[in-house]
Participant: 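Below are the structure tokens for one structure; questions will follow.
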Amino acid sequence: MAEHDWQPPDSEIRRVYQPVEIHREDGSWTVGRINAWWQPDEGRPWCRVRAVRTGERWMPYDPERVLLLPAAGI
């Protein structure tokens with residue numbers, strides 16, 4: 001199984017809708033959303049991120065790469 005196909009057990013996933021900006025490997029930023037969180041027994045939380053034109057994938061949450069945006073107006 002490819003790394004991008006990995007996912008935690010469905011019963012442990014917390015589904016959400018969280019708009020984000022994602023810092024790409026090339027230094028640019030793109031908009032997207034986190035649509036699920038998973039917290040392992042040890043370590044930092046993981047998020048399932050869906051970015052515009054790149055699909056979705058699970059990744060450890062890194063606040064320097066994924067900037068949380070307000071889900072509703074101010």
Side-chain angles (χ1 to χ4, degrees):
M1 177 185 300
E3 181 179 317
H4 65 276
D5 293 333
W6 175 87
Q7 61 182 7
D10 196 50
S11 62
E12 297 178 14
I13 295 172
R14 181 173 54 96
R15 287 169 175 67
V16 299
Y17 180 84
Q18 176 67 58
V20 295
E21 281 191 89
I22 303 159
H23 194 205
R24 295 182 181 199
E25 304 263 335
D26 67 2
S28 66
W29 288 84
T30 188
V31 294
R33 71 177 177 268
I34 293 174
N35 57 21
W37 288 97
W38 175 66
Q39 177 66 54
D41 291 335
E42 295 181 24
R44 62 184 172 179
W46 284 61
C47 55
R48 185 172 57 203
V49 178
R50 180 165 185 84
V52 175
R53 295 180 294 212
T54 60
E56 67 181 30
R57 68 184 179 108
W58 281 97
M59 61 184 282
Y61 175 67
D62 179 350
E64 292 188 21
R65 291 198 56 214
V66 180
L67 177 64
L68 302 178
L69 299 173
I74 302 176

Participant: Could you state the interatomic distance from CZ (Arg57) to CH2 (Trp46), rounded to the nearest 0.5 Å?
Facilitator: 9.0 Å
Participant: Which donor-acceptor pairs under 3.5 Å do side chains of residues 13-22 form with protein atoms, sequence neighbours excluded?
Facilitator:
residue : atom : partner : partner atom : Å
Arg15   : NH2  : Asp10   : OD1          : 2.7
Gln18   : NE2  : Leu69   : O            : 2.4

Participant: Flag yes if Val49 and Tyr61 sit in one hydrophobic cluster, no otherwise; membership is Ile, Leu, Val, Met, Phe, Trp, Tyr, and two members link when side-chain heavy atoms are under 4.5 Å apart.
Facilitator: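 Yes.
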Participant: For Pro45 versus Pro40, what's the shortest heavy-atom pair and its separation?
Facilitator: CA-CD, 4.2 Å
Participant: Could you list the residues that satisfy side chain to side chain contact (heavy atoms under 4.5 Å, CB included) with Arg44, not counting sequence neighbours?
Facilitator: Pro60, Asp62
Participant: Under the rule for side-chain hydrogen bond (donor to acceptor under 3.5 Å, both in side chains), what residues qualify as partners of Ser28, not counting sequence neighbours?
Facilitator: Asp26
Participant: Not counting sequence neighbours, list each pair that qualifies as a side chain to side chain donor-acceptor pair (under 3.5 Å) and has a residue in residues 29-38.
Facilitator: Glu12-Trp38, Arg24-Thr30, Asn35-Arg48, Asn35-Glu56
